[in-house]
Every structure is written in structure tokens, then in C-alpha cells.
Asker: 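Here's a structure for you.
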Amino acid sequence: MAVEIDLRPLRLPTRAAIVRIARSARTVSRRPTLDDLIHRSSFYWTPDETRTLLERVKAEVDAGTAELALATATSTELHNLEAHVAAMIVAAHYKMEAEGAAAFKRAAASVDALNTGSKECIERNRPNVAIPLLLRVATSLPFVVRPNSIAPGSTLCALATAFQDLHQFDLAARIYREAEMACPRSDPKHWFQLSMIFSDFGVMRLSEGRFEEASRLLFDAIEFTRKSDEAPPSDLITVLINAAHSERTRGNPASSQALLNEAITFGRKARVMESAIYVRALIHLADQSSDAGRIARALRNCRRAQKIAAKFSARLEAEAHSMEGECQRRAGKLRAARKSLRCAYDLLETRKDDDADERIEVRLLLSDVERQFSNFAVAEQLLDEAQIIAERYGEGWFGNVDTLKVRGRIAWDLGEMPRCLAIRQEAIRLMGDQVPRDHPKRLLLEGELAEALAQCGDRSRALKVLESCIRKEAALIARLVDRRNGLLELGQIRTTRHHIELYIILVLQSGRRSAKALDRLLDTILAFRGLATAIWKSIRSGASSRSKPESNQGPVSDSVSLALTETYEFAGRRLRLFFVRFRQRTILIELGDSTCLEQSFSSWAVDDKTKTGVSNELGQFARNLTRHSEGAASLIWLPDHGLSRYPIGALPLGDDRMLTDAFCIAQPRDAYALNREPKEVVASSSPLLIGVTRFGPERDLEPLPWVGEEISVVERLMGRRSPVVLMEEKAEYAAVLRQLARRPRIVHIATHGMVAGPGSPHGGTRGRAVRAADSDPLAGTSLVLGEGAIGAPPSLLSARDIARLDLTGVKLVVISACDSGVASADASEGVLGLQAAFHAAGAEAVVTTLWKLPDKATAYLVGQMYAAIEAGETVVEALRQAQVRTRRKWPDKSNWGGWVFSGPV
């Protein structure tokens, strides 16, 4: 028979009394008395009839009329839990076992009825009605010999959830902890309850913005959900998604991605692909893919989610449309984004009782899109709606901060800088301690605050804010490297570059050209220029403590000069700076428009190879470099963007002298190679020589007849080291990987290089063979290997393959291939390219080329270099000597100038 329960809201006890009830609920009363029951019941408001009945039973027991007392206690309704507990106490006191068992059954049924009623109240969004019901259960539990069906953990968890719905988070947290203590972790009977407790507690901490604690609790929930036999598949998917959301919010996207992938895989195995929770997993996975720049994949997941959700949930369908709009907005497709977000807005408006956070999110996204269409009035109206919803449903810190962020952008677009500054200051104040100091969301807002301060004329304060922001970003990215998050963190590097550009502008505009300011600026640039390769090294090594990026503060030797260029955007123009650091002194030269120097290099590279003259811009650049590096024996050159395609050693200095005559030059792809300490590990002493001269017709590649002679020369010079030689079909993919796995101290590779996209000015680019380059830039630079077995697919060794190897202990890699050093011109992605890939794998020094190689001159130069190495010269000095000698026989710079060295000098 259904039990009718009074659902009128009752007056609640004090917070202290509620905590006492929760604490006592997990302790069994060994000798229960009616006085205890009456005392405990007084903690909360008890119906008058129940209080009167308990007093009557106590009076009858005191008078010695046990039967009458028992009859009085059992004459009440089923849901009167206190009366049934009183009957149990009386039966136990007079040793009436049958009557006690019957009273216990009625008490258990009453507990179930009250729990069911409280659940119904919570589902109806009436937690203030559910709480008294749950308090009655919690108060009576110490008097009941509890089987599994009425253990206190689930009751206390429900009670905490009810207080959470009332936004009394501190009280809810105390009750959650009491619920956890009521369920021993070692007892399998409690694992399901523990999974619910940790899951609900973690979700609450997530809603508060306490992400570290939320992740810890949700990982505990995952553990107990996996172990419990009672947990349905949907519970595990739910907690995996919540944990993924927490990890992503606290700045750990790789962990989040792994959790989402597990949720999707488990959903397929458990055949719950038509469920709401599976749709939610697809939406979160789309968000992750969008963060990583994989927009097409994100949109596919959004559309899959929409198709499934349309069958049973308008709310989830709206979420999928909202995520689709966000992905399109990030891709710059504003009209498509507005259409998707409007669809989500309309779907949510049909169900006003849906979650507040989704309604807020849609309005924020749509407002930002309307802002970009200059529909400022519409954008402000949407923000007003979002703020009203946030305040109504207690989503204050989340809703208000994000609302203010968009309001600040609107004020910026309207040119209202004082208002923009006030809004951004208020947004950061509202964040308080809810968001970690190095969280990307806070750092992005701090960067926007610095922009507003600068526009309002307070450049000094803007510099301080930005310096603090950049330091925290450096710490954040170092932490991400430690966690081996890989390509997802390259997005964070790109975001941070905007703050570096702003920092450059502020330093230049403020007139702060002191030595300390310039050193700090250069150190900041160096730190970020070396992170991409460090990230890939951390993935390859699997040991984060060994892969943390070094300080990269530049050379410390008085004989080594460091020179680099850095590009930034200001007033719609791309401008370039030129830094030289030598003997603890940093020089900054403004070069103006970034294209000027690149055009000068390009013209010089394609000029008649016998000419020794250069343009005025290039001549001035070379003079500045040599003047500020006078006295240095070695030069480290770190070019940015398009300048990385040109070998600086071939620059003429006049009087038939070249830059390579003046310095031993290292030209690494990024700053990672600056301060690396060589690691002594066991490595094979037998060099590995790889050569391919013939290529199949499907490759459309010219044969390389001189490669055989080149390999023979190297083999002869290294004869005493017993080199391993792989030529032609023996140099197939599997064989090369097997030989690289033994970590030979010297690796020499002579074959064609393949580069996708824009290439060198000397025509070595053949992008047709690299079809995956658009989706995977690491596959865009490869080495062509031997064919292997007849009918085997084309054999390419890509930069991605190399970066994943362990080549620790390899002292030198020489890649005698066209364009082997060419890669993406984006300096923030120095991991691209074979040179940086070998460094990421652990190789100490790498020699590559940026131009197409003439075979005869290459064979001569390589022989001269190895002869110098065998004579005891360092690699960088041996390369310099070989270039000088080759230039005497073949003056054209294409014969000797394209070689570059990367490694310690």
C-alpha cells in the first residue's frame, strides 16, 4: 500500500544540531532508551502527534504496563518511524522477540517510505521539504539494528545533496564527510554507497570551483564505481564525464581526454549509446577536440550527439547545438555559430526548468557572437538575461565572471576604456580563490586587464600585471609538460604568445630599455621558444621529472653569443625585433616590418650563387650581428617564422668573407637545445649509415647516384668503429627502427627529404608524398626510406615517428637530405621538423640542411666533416671547416651554405 507523507515544509534545527544528528546517525546505540529517542527527536521539529505518542509510551513503560506501551506504539501509521522505533525499544526491554522483529520490519518500511518521499521532494526541487524527512531517518538510525537496506551512508548522502541544492555548501560538505566515515572502504557492501558519496561530493566541489578537491573525489568515485557490482553502467560513464570536466577545468586536458575516451568506449561496450549520458560524453569530447584545434572532429561529435538526443531530450539536443556553435565560433564561422546557438536558445526556452548553467552558457556564447557582428544592444540584453539566471539559481561566481568578461569586450569594442577596465577588475575580484592562480581562464582575464590598463595610460601597472601573468603561464606550461599532455598544450603556448606580444609592446612604449628590463624580456621569449620540443620529449621519455624544460636563459660562456629575432603584431602590422646577448649584455634592435628582412633573405637565397653582395637591410643586419658579437668564437642563431628557412652561415661579410668564417654557428629550431646537459648512457659504438639512391616510379623522385659514394666515404672514415650500413631495400622502415633502437652514437642518413607546404627557395619541396600533413603537421616532414618487400607501401620516416623514439646517448645525427631542416615557420611549434624531432628523441647534436643538395659537393663536404671529427674536432667546428673547404672548390653557396648545426657549442 502506498504511504502518504506530509510534504509541507517544516522548520529546520540549527546547523550544530544537524551536524550532531549526522554524526550520531553512523553510531549504533547499544542500550537504546525512550529517553534517548525523545531527546534526539527534540533536535528537529517533530509533529505534535508523534511527540505526544512517545511521551504516552514512556509513561506506560514507567507504570510497568509493557503490553499497553507496545500496543500504543504500534497503533500509529506506517510512516511514523519514531513510534516504530519506540516499539522496538519496548520489545527489547521486555525481551519480546517476535514483537521486536515485527516492529523492526515496520521501522524498515518507514525508513524506505521516508527515503522515497525525500527523493521525490529533491526531484521536485523542494529540498527544504526533503530535509526534515531525512533528519527523522538519520535521528532514528542509531536505534535500529541496521541491515544493508537502511545503512546510514545513503541517507546522509541524500541529506547532504538536499543542503547542496539549498547552496549551503559548508554544511553539505560536513555531512558528506560523515557519510564517508559511515561506510568502511574495506567492506565491499559499502562500495556502491561510497561511489555515490564521492560522486555527489565531487560534483558539488566542481560547482564551487574547487577543482583540485573535485578531481580527487571524482577519481575516488571512479575507483569504487568500478569495484561495485551494484553500480549500473550509466553511473560509471557519469562519473568519468564529471571527472573529465574537472580535469579540463583545472588545466589538465590530457587526463580529461583519456577519461572521455574511456567513457565513450565503455558506453559502446555496455550498449548505452542511446542514453543521455552517452550524449553528454560526446558533447564533452567535442569540447576537448575543439580546444585541441580539431574542429572538424568536434563538429562530427556534435552532430552525432544532436541526432541521438533528438529522440528523447530537447535539453541535450540544445547542449549539442550550443557546443556546435562554440566550435564554429572558434573556427571563425560566425554566421553558422549564430544559427546553432539560436537553435540551442530556442530549445532551452521551451523548458524553463532546465539547468541554469546551460541557459547561462548559451546566452554568453550568443552574446559574444552578436558582439562580433556589432549588435551591441542584443549582446547586452543576452548578458542581462544570463546574469538574472545566475543570481536566481545561485550560479553567481560562474555566471557573473563570464558575463563580465563579455561585457568587458563590448566596452573595449565601443572604445569605453575606463568602463572596460572597471569591468575586468570586478571580474578578477569575483574570481577570488574559486579559480587557481595559474588557471588558463584567470590568466586570459589578467591579460585582458593588462590591455585595459595600458589603454587607460597606466603602462607601469600593466607591465606588472603582465609580468606576473607570464610567470604564471610559464609555470603552468612547465606543469603541463610534467604531466605529458602533448599537443593539447601547444594551444596553451599559442594563447600565451599573445601576452608576450603585448609585453613586448608595453616594454617598447614605456621606454623601459634598462638592461634588467631587456634581460627579462629576452628570458621570457627564450622560455617559450623552447617548450614545444620539451613537450614532445616528455611524451617520448615517459618520465616527467627528467623532461622538464631547462631554464633556456641563453649561453653562459663568454665565448658564445646568442642572437634571435621575435615577431609581434601592433596596429595591424607585423613587426620584428632583433636581440643579441653576449657577455651578459643584451642588445635590442627594432627591425620594423617583419616582411622586409624575410624578403631580403629570400632575394639573397635565389640570387646568382656566385654573387657576394646583399641588400642594404641584410647587410645592416649582418653588421649589427658581428659588431655586437665581436670577440665571440661561437654564435647561436634562433630565427623566427620565415627566417628559419635560411642558413645564416652563408651570409657574406665583405672581402670574400662569410659569417661561417667568423663563427662556429648553431642554428637550432628552438631554444630547447641551448642549455641541455649531455647524459651518459649505454649506447652502441657502431655508427648507423642509411642510404637510398633509387626510388619507385610512384614517388616521382630523382635518383641520387652520389649517395652510394657518400656512404662509402663515411664507412671508410669510420671503419674502425664497425659501422652498420643499410642501403636501398635494406633501409626499410622496420629495419631502420630496429637499428635506431640500439641507440648508435652516430647516425648518418642520406636520402630524399619530403616537406609538405611551403618549402625552401631551392626547390627541394615535394609535398605530394605527405598526404597527412594538413591534419597532422608532424607527418609533414619525413625521410624517404627503402621500398622493403615487393608491393610494400611507400616507406616514410616522419618527424612524429622520430620524436617518439628513445635516442638518449646518440651524440650526432647527420641528415644528408634535401630540406631536412625545413619545417613550419611558426616558431611556437619548434617541435615540427626532423631536427627538433631528433632533439626531442634525445639526440645531442643534429646536422641538417635547408636547401636542395648537389650530390658531388655533398659527398665531399660530408667526408671533410667526418675527417675533422675523427681528428678530434667538435661537430660544430668540423662542419665549419668542411664548409670552408667545400667553398674553395665549389664557391656557389648552394654547394656548402645550406648546412646547419643544432646542439651544444
Side-chain angles (χ1 to χ4, degrees), residues 22-23 25-28 111 115 118-119 122 134 137-138 141 146-165 169 172-208 210-250 252 255-272 275-278 280-281 284:
R23 187 173 296 122
R26 58 185 177 85
T27 306
V28 178
V111 167
N115 279 332
S118 64
K119 182 179 179 181
I122 292 174
L134 292 166
V137 175
L141 286 180
R146 298 182 294 272
N148 292 339
S149 60
I150 52 175
S154 57
T155 298
L156 293 178
C157 183
L159 182 61
T161 303
F163 279 111
Q164 176 184 334
D165 289 345
F169 296 124
R174 297 181 70 174
I175 299 173
Y176 275 127
R177 294 190 185 100
E178 294 295 336
E180 178 187 351
M181 295 174 67
C183 302
R185 292 185 176 222
S186 58
D187 189 348
K189 294 182 295 186
H190 293 284
W191 286 348
F192 180 54
Q193 291 183 18
L194 282 168
S195 70
M196 292 191 298
I197 292 166
F198 287 128
S199 178
D200 292 348
F201 195 5
V203 170
M204 185 186 82
R205 288 308 197 204
L206 186 59
S207 70
E208 294 178 85
R210 302 173 69 166
F211 307 121
E212 295 284 344
E213 187 178 0
S215 287
R216 179 181 60 78
L217 291 165
L218 290 168
F219 277 115
D220 284 342
I222 291 172
E223 175 190 352
F224 286 104
T225 306
R226 284 174 176 155
K227 289 169 27 174
S228 172
D229 295 331
E230 303 175 56
S234 59
D235 279 13
L236 179 57
I237 298 175
T238 300
V239 74
L240 284 169
I241 291 173
N242 288 332
H245 180 49
S246 179
E247 285 293 282
R248 176 173 176 266
T249 309
R250 65 191 282 246
N252 196 0
S255 172
S256 177
Q257 184 86 33
L259 290 165
L260 287 174
N261 289 336
E262 183 180 352
I264 293 288
T265 302
F266 185 77
R268 289 171 182 160
K269 290 180 179 178
R271 300 183 183 278
V272 293
S275 68
I277 197 63
Y278 186 78
R280 197 172 296 281
H284 280 277

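Note that the coordinates shown come from a computational prediction; the quantities given were computed from them, not determined experimentally.
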Asker: Do E262 and T265 make a side-chain contact, defined as non-hydrogen atoms from C-beta onward lying under 4.5 Å apart?
Answerer: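 The answer is no, as the side chains (C-beta and beyond) never meet within the 4.5 Å cut-off.
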Asker: OG/S256 to CG/N261 distance, rounded to the nearest 0.5 angstrom?
Answerer: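 S256 atom OG to N261 atom CG measures 9.5 Å (nearest 0.5 Å).
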Asker: For A221 and V239, work out which heavy atoms get closest and say how close.
Answerer: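 Smallest interatomic distance, heavy atoms only, reads CB-CG2, 3.3 Å.
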Asker: State whether the side chain of T238 and the backbone N or O of S234 hold a donor-acceptor pair below 3.5 Å, judged by distance alone.
Answerer: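 Side chain of T238 to backbone of S234, a donor-acceptor pair under 3.5 Å: yes, one is there.
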Asker: Got a second to check how far S246's OG is from R216's CZ, nearest 0.5 Å?
Answerer: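 It comes to 11.0 Å.
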Asker: Please tell me if the side chains of S199 and T225 come closer than 4.5 Å, counting only heavy atoms from C-beta onward.
Answerer: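 S199 does not reach T225 side chain to side chain.
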Asker: Looking only at heavy atoms, what is the nearest atom pair of C183 and H190, with distance?
Answerer: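 Of all heavy-atom pairs spanning C183 and H190, the closest is CB-CB, 3.7 Å.
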Asker: Atom CE of M196 and atom SG of C157: how far apart are they, to the nearest 0.5 Å?
Answerer: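 Rounded to the nearest 0.5 Å, the CE-SG separation comes out at 6.0 Å.
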Asker: Using 0.5 Å steps for rounding, measure from the CG atom of L217 to the OH atom of Y176.
Answerer: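 If we round to the nearest 0.5 Å, L217:CG and Y176:OH are 10.0 Å apart.
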Asker: CG of D200 to CG of N242: how many Å apart, nearest 0.5 Å?
Answerer: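 Result: 9.5 Å between the selected atoms.
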Asker: Measure across E213 and R205 and return the closest heavy-atom pair with its distance rounded to 0.1 Å.
Answerer: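 It is OE1-NE, 3.1 Å.
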Asker: Testing the basics here: between A172 and Q164, what is the closest heavy-atom pair and its distance to 0.1 Å?
Answerer: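 Shortest heavy-atom contact: CB-N, 3.9 Å.
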Asker: When rounded to the nearest 0.5 angstrom, what is the spacing between CE in M181 and CG in L156?
Answerer: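 Between atom CE of M181 and atom CG of L156 there are 11.5 Å.
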Asker: Apply side-chain contact (heavy atoms from CB on, under 4.5 Å) to the pair L240 and R226, showing each step before the final yes or no.
Answerer: CA-CA 11 Å; L240 284 169; R226 284 174 176 155; 4.2 Å; yes
Asker: Which word best sums up how the rings of F224 and W191 line up, parallel for under 30°, tilted for 30 to 60°, or perpendicular for over 60°?
Answerer: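 Tilted: the ring planes of F224 and W191 meet at 30° to 60°.
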Asker: Output, in order, the C-alpha distance, side-chain angles, deciding distance and verdict of side-chain contact (heavy atoms from CB on, under 4.5 Å) for H245 and I241.
Answerer: CA-CA 6 Å; H245 180 49; I241 291 173; 5.6 Å; no
Asker: Between S195 (side chain) and F192 (backbone), is there a donor-acceptor pair under 3.5 Å?
Answerer: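 Yes: the side chain of S195 pairs with the backbone of F192.
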Asker: If you take all heavy atoms of L260 and A244, which pair is closest and at what distance?
Answerer: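 Heavy atoms of L260 and A244 come nearest at CG-CB, 3.6 Å.
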Asker: Determine the minimum heavy-atom distance between I222 and A243, stating which atoms define it.
Answerer: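 Smallest interatomic distance, heavy atoms only, reads CD1-CB, 3.8 Å.
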Asker: Hey, mind stepping through E180 and R185 against salt bridge (charged side-chain N to carboxylate O under 4.0 Å, His left out) and telling me if it holds?
Answerer: CA-CA 9 Å; E180 178 187 351; R185 292 185 176 222; 3.1 Å; yes
Asker: Would you say F163 and M204 make side-chain contact, with heavy atoms under 4.5 Å?
Answerer: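 F163 vs M204: side chains apart.
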Asker: Just checking D187: does its CG atom have more than 12 heavy atoms from other residues, nucleotides or ligands closer to it than 6.0 angstrom?
Answerer: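 Counting neighbours around CG of D187, more than 12 heavy atoms of other residues, nucleotides or ligands fall under 6.0 Å, so yes.
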